[in-house]
Amino acid sequence: MRQIITFALVGVVNTATYYLLYLLFLRWLPYLAAHVLAFALSMVGSFFLNARFTYRTRPTWRKFLLFPLTNATNFVITTAGVYVIVDVLHAGSRFAPLLASAAAIPVTFVVSRWVML
């Protein structure tokens, strides 16, 4: 239970980091490019926070190189969600990533736990 709560808290920090980077990059880049760049940078931070606080394990190169697999599903779901919200529903690009990311959380936890432990 501690891991799930810590994973959620790290997720809040990671989402805030992602969203701030997304808004920053959105000033100069198209929304999908801003999304991809912000996602990649926040994933690095997520790896180190989850290693230290969620799973209490030493970060290694092997885990670091496998960690993107934990976010592959998250990336596909959030990217598709951002596209649907912006281009299909015409709801605007500002809050689309926050809405789209909620659906990917449970899957990301399961895969992340497998990689980190």
Side-chain angles (χ1 to χ4, degrees):
M1 189 56 132
R2 180 200 65 78
Q3 283 182 345
I4 294 172
I5 292 169
T6 307
F7 183 81
L9 292 173
V10 167
V12 169
V13 170
N14 187 52
T15 301
T17 301
Y18 159 79
Y19 190 58
L20 290 173
L21 289 171
Y22 173 76
L23 291 177
L24 177 70
F25 297 146
L26 195 57
R27 293 175 155 190
W28 301 284
L29 300 170
Y31 75 90
L32 280 178
H35 165 68
V36 170
L37 187 56
F39 192 92
L41 291 173
S42 66
M43 185 172 50
V44 172
S46 178
F47 169 75
F48 287 106
L49 290 173
N50 276 303
R52 171 72 174 101
F53 297 109
T54 304
Y55 304 112
R56 297 181 184 185
T57 186
R58 188 174 62 89
T60 65
W61 278 108
R62 181 181 184 279
K63 290 175 188 175
F64 182 75
L65 294 174
L66 288 174
F67 193 73
L69 296 175
T70 69
N71 287 302
T73 302
N74 183 310
F75 180 77
V76 170
I77 292 170
T78 57
T79 302
V82 166
Y83 172 78
V84 168
I85 291 166
V86 173
D87 283 345
V88 176
L89 301 177
H90 305 289
S93 60
R94 197 163 189 79
F95 296 106
L98 296 177
L99 298 172
S101 66
I105 293 170
V107 175
T108 304
F109 174 75
V110 169
V111 177
S112 174
R113 191 171 198 281
W114 176 75
V115 167
M116 299 300 272
L117 298 178

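Here, residue 1 is the first one in the sequence, and each next residue gets the next number.
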Q: Show me the donor-acceptor pairs within less than 3.5 Å that the side chains of residues 38-47 make with the rest of the protein, sequence neighbours left out.
A:
| from | atom 1 | to | atom 2 | distance (Å) |
| --- | --- | --- | --- | --- |
| Ser42 | OG | Ala38 | O | 3.1 |
| Ser42 | OG | Phe39 | O | 3.1 |
| Ser46 | OG | Asn50 | ND2 | 3.1 |

Q: Decide side chain to side chain contact (heavy atoms under 4.5 Å, CB included) for Arg94 and Tyr19; before the verdict, give the C-alpha distance in whole Å, the side-chain angles of both, and the deciding distance to 0.1 Å.
A: CA-CA 9 Å; Arg94 197 163 189 79; Tyr19 190 58; 3.7 Å; yes
Q: Is the number of heavy atoms from other residues, nucleotides or ligands within 6.0 Å of CH2 (Trp61) greater than 12?
A: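 No, the 6.0 Å shell around CH2 holds no more than 12 heavy atoms from other groups.
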Q: Could you walk me through whether Met116 and Thr54 pass side chain to side chain contact (heavy atoms under 4.5 Å, CB included), step by step?
A: CA-CA 9 Å; Met116 299 300 272; Thr54 304; over 6 Å; no
Q: Run Tyr83 and Tyr31 through side chain to side chain contact (heavy atoms under 4.5 Å, CB included) and show every step you take.
A: CA-CA 9 Å; Tyr83 172 78; Tyr31 75 90; 3.8 Å; yes
Q: Provide the closest heavy-atom pair for Ala100 versus Thr78 in the form atom of the first, atom of the second, distance.
A: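 Between these two residues, the closest heavy atoms are CB-O, 3.6 Å.
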Q: Looking at the rings of Tyr18 and His35, which for Trp means the six-membered one, are their centres under 6.0 Å apart?
A: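 Centroid distance Tyr18-His35: below 6.0 Å, so yes.
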Q: Roughly how far, to the nearest 0.5 Å, is the CG atom of Leu24 from the CG atom of Leu29?
A: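 So the gap between those two atoms works out to 9.0 Å.
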Q: When clusters are formed by joining ILVMFWY residues with side-chain heavy atoms under 4.5 Å apart, either directly or through shared neighbours, do Leu20 and Leu26 land in the same one?
A: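 No, because Leu20 and Leu26 fall into different hydrophobic clusters, even though each may have its own neighbours under 4.5 Å.
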Q: Any donor-acceptor pair under 3.5 Å linking the side chain of Thr6 with the backbone of Gln3?
A: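 No, Thr6 side chain to Gln3 backbone: no donor-acceptor pair under 3.5 Å.
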Q: With clusters defined by side-chain heavy atoms of hydrophobic residues (ILVMFWY) lying less than 4.5 Å apart, directly or transitively, does Val84 cluster with Tyr22?
A: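 Yes: a chain of side-chain contacts under 4.5 Å links Tyr22 to Val84.
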Q: Determine, using the 4.5 Å side-chain heavy-atom cutoff (strictly less than), whether Val82 and Val88 are members of one ILVMFWY cluster.
A: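 Linked within one cluster.
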Q: Check whether Val36 and Leu23 end up in the same hydrophobic cluster, where Ile, Leu, Val, Met, Phe, Trp and Tyr are linked by side-chain heavy atoms less than 4.5 Å apart.
A: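 As far as the 4.5 Å side-chain criterion goes, Leu23 and Val36 are connected within one cluster.
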Q: For side chain to side chain contact (heavy atoms under 4.5 Å, CB included), just list the numbers for Thr15 and Leu98, CA-CA rounded to whole Å, side-chain angles, deciding distance to a tenth of an Å, and then say yes or no.
A: CA-CA 8 Å; Thr15 301; Leu98 296 177; 3.6 Å; yes
Q: Sequence neighbours excluded, which residues qualify as side chain to side chain donor-acceptor pair (under 3.5 Å) partners of Thr108?
A: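 Once residues adjacent in sequence are excluded, the partners of Thr108 under the side chain to side chain donor-acceptor pair (under 3.5 Å) criterion are Asn74.
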Q: Flag the pair Ser112 / Tyr55 as yes when at least one side-chain heavy-atom distance between them is below 4.5 Å, and no otherwise.
A: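 A side-chain contact under 4.5 Å exists here.
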Q: Less than 4.5 Å apart, any side-chain heavy atom of Leu49 and any of Asn14?
A: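 The answer is no; the side chains never approach within 4.5 Å.
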Q: Examine Leu66 and Trp114 and state if one hydrophobic cluster contains both, with Ile, Leu, Val, Met, Phe, Trp and Tyr joined whenever side-chain heavy atoms are less than 4.5 Å apart.
A: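 Yes, same cluster.
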Q: Nearest 0.5 angstrom please: Arg2 CZ to Ile4 CD1, how far?
A: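 So the gap between those two atoms works out to 11.0 Å.
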Q: Ignoring hydrogens and geometry, is there a side-chain-to-backbone donor-acceptor pair from Thr79 to Val76 under 3.5 Å?
A: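 Checking the backbone N and O of Val76 against the side chain of Thr79, no donor-acceptor pair under 3.5 Å is found.
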